[in-house]
Amino acid sequence: MDFNTLDHLFYQKNTVSLAKVLLGSLLVNESDEGITSGFIVETEAYLSKNDPACHASKGKTKRNAVMFGPPGRAYVYFIYGNYYCFNVVSAVEGIGEAVLVRALEPITGVELMKKRRGDHHKITNLTSGPGKLCSAMGIDRKYNNVVLNKPPLYLIEGRTVKRSRIEISNRIGITQATDKPLRFSIKDNPFLSR
DNA sequence: CGGGAGATGGGCT
DNA sequence: GCCCATCTCCCGA
């Protein structure tokens with residue numbers, strides 16, 4: 001590969017730090033249908049302690065086991081009967097934390113994204129939400145537990161985002177622990193989930 | 001446009 | 001049987 005994939009050590013850091021530093025990096029999926037990619041513009045941190053919104057908060061189960069595995073892997077889960085959410089496992093093995101990727105700025109394979117999502121969508125509606133971006137990128141349960149440093153699914157260095165351009169707010173779409181400032185987004189980016 | 005209801009299926013009590 | 005880290009459509013303005 002002729003690019004700089006992010007390696008194991010990159011992911012082995014505290015989850016809030018990873019959620020911030022993932023902003024601006026490029027998520028790539030080389031699928032059988034073609035290549036899609038996009039810059040990450042919105043993330044959320046899910047923590048193991050004092051965070052009832054986190055899937056891992058009540059201990060390890062079959063569903064959330066990947067969260068407790070080594071950092072730098074994909075935790076993909078199915079939700080609301082229709083959608084997938086893509087997370088990057090963080091911290092160190094055994095802890096149970098991850099970063100939810102909530103929105104991308106589409107870069108490669110926009111036509112394929114439209115084919116997967118529906119042709120009538122505006123480009124700002126292709127990947128502006130966790131379920132939408134999984135659909136557009138072709139990420140489903142097969143990708144759960146894959147290592148994110150090689151094809152098909154990987155992250156590479158992208159844009160540098162200055163601290164002053166990162167907006168911090170409460171997490172979205174959850175019913176518990178809604179008051180924690182664990183959502184990170186690139187200020188005024190047109191591809192945010194809201 | 002903005003808000004709200006409904007779809008949908010896996011996981012857990 | 002109820003909950004859920006969602007999305008789309010449809011309605012009223």
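Residue contacts shown for A:K62 are absent, as no nucleic acid heavy atom lies under 4.0 Å away. Within the nucleic acid shown, A:T175 comes within 4.0 Å of sugar-phosphate atoms alone, with no base atom in reach, counting heavy atoms only. In this structure, A:R171 reaches neither bases nor backbone, as no heavy-atom distance under 4.0 Å exists between it and the strands shown. Looking at heavy-atom distances under 4.0 Å, A:G131 makes contact with sugar-phosphate atoms alone, never a base.
Look at CD on A:E42: it is 13 Å from C1' on C:dT6, rounded to the nearest Å. Here the P atom of nucleotide B:dC12 and the NZ atom of A:K60 are 14 Å apart, to the nearest Å. Nucleotide C:dC3 holds its C1' atom 10 Å from the CZ atom of A:R63, rounded to whole Å. If you measure from atom NE2 of A:H55 to atom P of C:dA5, you get 5 Å, rounded to the nearest angstrom. Rounded to whole angstrom, the span from the CG atom of A:N64 across to the C1' atom of B:dC12 amounts to 12 Å. Note: CZ (A:R194) to P (B:dG3) measures 10 Å, nearest angstrom. Across the protein-nucleic acid pair, A:L126 atom CG and C:dC7 atom P stand 13 Å apart, rounded to whole Å. If you measure from atom CZ of A:R141 to atom C1' of B:dG10, you get 8 Å, rounded to the nearest angstrom.
For the OP1/OP2 pair of C:dT6 and a distance below 4.0 Å, the side-chain nitrogens and oxygens of A:R102 include at least one atom meeting the criterion. An OP1 or OP2 oxygen of C:dC7 is reached within less than 4.0 angstrom by no side-chain nitrogen or oxygen of A:H121.
Closest to the A:N87 side chain, of the nucleotides C:dT6, C:dT8, C:dA5, is C:dA5. Comparing C:dT8, B:dG11, C:dC4 by their closest approach to the side chain of A:R117 singles out C:dT8. Nearest nucleotide to the A:H120 side chain, out of C:dC9, B:dG9, B:dT8: C:dC9. Listed nucleotides: C:dC7, B:dC12, C:dA5. Nearest to the side chain of A:I79: C:dA5. Closest approach to the A:Q176 side chain among B:dC12, C:dT6, C:dC4 is made by C:dC4 (side chain taken as heavy atoms from C-beta onward). With C:dC4, C:dA5, C:dC7 as the candidates, the nucleotide lying closest to the side chain of A:Y77 is C:dA5.
Heavy-atom nearest nucleotides on DNA chain C were determined for A:E44 and for A:N125, and the one closer to the 5' end corresponds to A:E44. Take the nearest nucleotide of DNA chain B for A:K58 and for A:N82: the residue whose nucleotide is more 5' is A:N82. Along DNA chain B, the nucleotide closest to A:Y83 and the one closest to A:T61 are compared, and the more 5′ of them pairs with A:Y83.
Cluster annotation: A:Y11 and A:F184 are assigned to the same hydrophobic cluster (Ile/Leu/Val/Met/Phe/Trp/Tyr, side-chain heavy-atom contacts under 4.5 Å, transitive).
For A:S48 and A:E97, the side-chain atoms include at least one donor-acceptor pair closer than 3.5 Å. A donor-acceptor contact closer than 3.5 angstrom links the side chains of A:N29 and A:Y143.
Residues A:Y77 and A:H55 bring their aromatic ring centres within 6.0 Å.
Side-chain N/O atoms of A:Y80 and base N/O atoms of B:dA7 include no donor-acceptor pair closer than 3.5 Å.
A stacked arrangement is assigned to A:Y46 and the six-membered base ring of C:dA5, with a centre-to-centre distance below 5.5 Å and an interplanar angle below 30°.
Of the nucleotides present, none pairs with B:dT8 by Watson-Crick or G-U wobble criteria with both distances under 3.5 Å.
Using a 4.0 Å cut-off between charged nitrogen and carboxylate oxygen, A:D51 and A:R171 count as a salt-bridge pair.
Counting heavy atoms from C-beta outward, A:V89 and A:V66 have side chains that approach closer than 4.5 Å.
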